[in-house]
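Residue numbers begin at 1 in each chain, while the letters A, B, ... track the order of the sequences.
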There are 2 protein chains.
Amino acid sequence: MGDSARLPFVASLPVVNQPLHRSGALLDHLARRMRLRAESVLAPLGLRPRHLVALTVLREHGGCSQQALAAMLEMDGTNVVGLLNDLETRELIERRRSPEDRRRHVVELTDTGLRDLAKAEFALAAAENEVLGALDDTQRETLYCLLQQAATGAAISCSAALAEDTR
Amino acid sequence: MGDSARLPFVASLPVVNQPLHRSGALLDHLARRMRLRAESVLAPLGLRPRHLVALTVLREHGGCSQQALAAMLEMDGTNVVGLLNDLETRELIERRRSPEDRRRHVVELTDTGLRDLAKAEFALAAAENEVLGALDDTQRETLYCLLQQAATGAAISCSAALAEDTR
DNA sequence: ACAAATAGCTTGTCTTACACAAACTATCCA
DNA sequence: TGGATAGTTTGTGTAAGACAAGCTATTTGT
């Protein structure tokens, strides 16, 4: 495909509301590096990175339907079923029938799930130290807050200690 | 291929303050959401997310050997070859023989590569607006700086975010 | 009351990203 | 000269995940 000059670049266009940099590739890159380490850390716990993602999302948005979860994870519903089967087998999550609509499953972390998630996160400290080694603790907390806010879609009062955000 | 750079970096200081939160899962989650959108945006440009990652890394660390690149991407050398073959075919990167060690290939972005990378990033604005919609421009720039700093492993002066400029 | 839509589950197929191994060439170095 | 190293090629295996078809239980609309 011979690529020729289209014209998305007009030299003197006022680039008003365009954020200066794209984070996508870096996000991808760092997530990969983290995932590689997480795999080996998580393996002895019988978990895989995507399980951690699901548990993490569920900790924040507990009590949602599987469809809602599939939408949040942006995963195909059928694959979410398998994911939840894993987690339910390990008793990390619970599927309860919704009383208002008995077709629906209300998915929620169990106490075990909450505990094992915390355990896993503790075990991942070393991995994170490697990947985020160039960031100090404050920066890491800022990063976490931004990611969390982006993930939940709402501004969240993370530690007020970081009085970073004042628009 | 020489040695694999997979040394685990000995458990560092038993520092008091273990960072409060783990970003790994969120990183994974957001990277996935971004990648899904990036795929469809990038497809018409003949690129895939991992190409973007490679180009992004090369823009920062241009002129390195393929092994160094493989180490940075934490990918197997043989797969990096294929990735670079793609990019070289499209003339986005160049492999030059290193003069000091003619076994080595010095990989670098071409002008086309630099331009197409910028083009792709421009095209990804909408995708990023969806995924990072909960962050305002300042927060996004902060996020970018943190990711960049983590990725390059060196502290970069981002505090004066808007003073940061061309490269 | 009954048809249609919906939530979830199961199975099975296909694609793709990778890791990994083996064998090869070109080059460097001792 | 012989061994180590950088890169390449080919080929194999695993796993994530998309997608489709067919199933049950339940709700909703007429």
Side-chain angles (χ1 to χ4, degrees), chain A residues 25 28-29 31-40 42-43 46-54 63-89 93-108, chain B residues 1-6 25 28-29 31-40 42-43 46-54 63-89 93-108:
Chain A
D28 211 339
H29 182 213
R32 164 174 235 272
R33 297 176 50 134
M34 195 78 88
R35 198 168 51 247
L36 285 174
R37 289 161 177 76
E39 264 162 26
S40 50
L42 259 29
L47 292 172
R48 290 174 166 281
R50 70 187 130 70
H51 294 133
L52 253 265
V53 173
C64 67
S65 71
Q66 294 190 193
Q67 280 197 339
L69 182 59
M72 282 188 290
L73 295 173
E74 297 199 62
M75 278 181 63
D76 188 90
T78 62
N79 298 106
V80 171
V81 171
L83 195 53
L84 292 179
N85 286 350
D86 292 351
L87 297 174
E88 195 179 37
T89 300
I93 61 124
E94 223 177 33
R95 290 195 249 219
R96 285 194 308 279
R97 228 74 227 202
S98 165
E100 24 165 87
D101 184 343
R102 294 185 40 74
R103 289 170 301 180
R104 242 177 284 166
H105 273 156
V106 172
V107 185
E108 207 136 21
Chain B
M1 283 309 149
D3 70 309
S4 60
R6 204 148 296 196
D28 211 337
H29 181 214
R32 165 174 235 273
R33 296 177 50 136
M34 195 78 87
R35 198 169 49 248
L36 286 174
R37 289 161 176 76
E39 264 162 27
S40 49
L42 259 28
L47 291 172
R48 289 170 167 276
R50 62 186 187 298
H51 294 133
L52 252 266
V53 173
C64 67
S65 72
Q66 293 190 195
Q67 281 198 338
L69 182 60
M72 283 188 289
L73 296 174
E74 298 200 63
M75 280 182 62
D76 188 273
T78 62
N79 298 107
V80 171
V81 171
L83 195 53
L84 293 180
N85 287 349
D86 292 351
L87 298 175
E88 196 179 37
T89 299
I93 61 124
E94 223 177 32
R95 292 195 247 219
R96 286 195 308 278
R97 228 75 225 201
S98 164
E100 31 165 77
D101 184 344
R102 295 185 39 76
R103 290 170 299 181
R104 239 177 287 167
H105 273 156
V106 173
V107 185
E108 207 136 21

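- Of all the heavy atoms in A:A38 and A:P49, the pair that sits closest is CB-CG, 4.4 Å.
- For DNA chain D, the residues of residues 31-39 of chain B within the heavy-atom distance limit of 4.0 Å (strictly under) are B:R32, sorted by number.
- The interatomic distance linking A:I93 (CD1) with C:dG8 (P) rounds to 12 Å, in whole Å.
- Distance, B:H51 NE2 to C:dT16 C1': 12 Å, rounded to whole Å.
- Counting only heavy atoms from C-beta on, B:R104 has its side chain closest to D:dA6 among D:dT8, C:dA7, D:dA6.
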- Message: Go through it in stages, so that I can follow the logic: the residues are A:N79 and A:L83, the test is side chain to side chain contact (heavy atoms under 4.5 Å, CB included), and I'd like the CA-CA distance, side-chain angles, deciding distance and then a yes or no.
- Response: CA-CA 6 Å; A:N79 298 106; A:L83 195 53; over 6 Å; no

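- Protein atom CG of B:D76 is 17 Å distant from nucleotide atom P of D:dA15, rounded to whole Å.
- Side-chain proximity of A:V81 to the nucleotides D:dT9, C:dA19, C:dT10 is greatest for C:dT10.
- Looking at residues two or more places apart in sequence or on another chain, you find a side-chain contact (heavy atoms from CB on, under 4.5 Å) between A:R102 and A:R97.
- Taking every heavy atom of both residues into account, A:R37 and A:S40 meet most closely at O-OG, 3.0 Å.
- Note on B:N85: every side-chain N or O is 4.0 Å or more away from OP1 and OP2 of D:dG7.
- B:H51 places no side-chain N or O within donor-acceptor distance of the main-chain N or O of B:G46, the cut-off being under 3.5 Å.
- Taking only distance into account, the side chain of B:T78 meets the base of C:dC20 through a donor-acceptor pair shorter than 3.5 Å.
- What separates CD of A:E88 from P of C:dG8 is a distance of 13 Å, to the nearest Å.
- Separating the CG atom of B:D86 from the P atom of D:dT8 is a distance of 12 Å, rounded to the nearest angstrom.
- Protein atom CD of B:Q67 is 10 Å distant from nucleotide atom P of D:dT5, rounded to whole Å.
- Rounded to the nearest 0.5 angstrom, A:E74 CD and B:R35 CZ are separated by 11.0 Å.
- B:N79 has its CG atom 8 Å from the P atom of C:dC18, to the nearest Å.
- Checked against C:dC18, C:dA7, C:dC9, the side chain of B:R50 finds its nearest nucleotide in C:dC18.
- Within the 4.0 Å cut-off from OP1 or OP2 of D:dA6, not a single side-chain nitrogen or oxygen of B:R95 is found.
- At least one side-chain heavy atom of B:L69 sits less than 4.5 Å from a side-chain heavy atom of B:L84.
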- Treat primed atoms plus P, OP1 and OP2 as sugar-phosphate and everything else as base, then score nucleotides 25-30 of chain D 5' to 3': B for base contact with protein heavy atoms under 4.0 Å, S for sugar-phosphate contact only, - for none. BBS---

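- A:L83 has its CG atom 15 Å from the C1' atom of C:dC9, to the nearest Å.
- Within the 4.0 Å cut-off from OP1 or OP2 of C:dC9, at least one side-chain nitrogen or oxygen of A:H105 is found.
- Taking CG of B:L73 as the start and CZ of B:R50 as the end, the distance is 11.5 Å to the nearest 0.5 Å.
- Distances were taken from every side-chain heavy atom of B:R48 (C-beta onward) to each of C:dC9, D:dG7, C:dA17; the shortest belongs to C:dA17.
- Counting only distance, with no hydrogens or angles, the side chain of A:R33 and the backbone of A:H29 share no donor-acceptor pair below 3.5 Å.
- The only option from A:H105, A:Q66, A:E108 that meets the side-chain hydrogen bond (donor to acceptor under 3.5 Å, both in side chains) definition with A:R95 turns out to be A:Q66.
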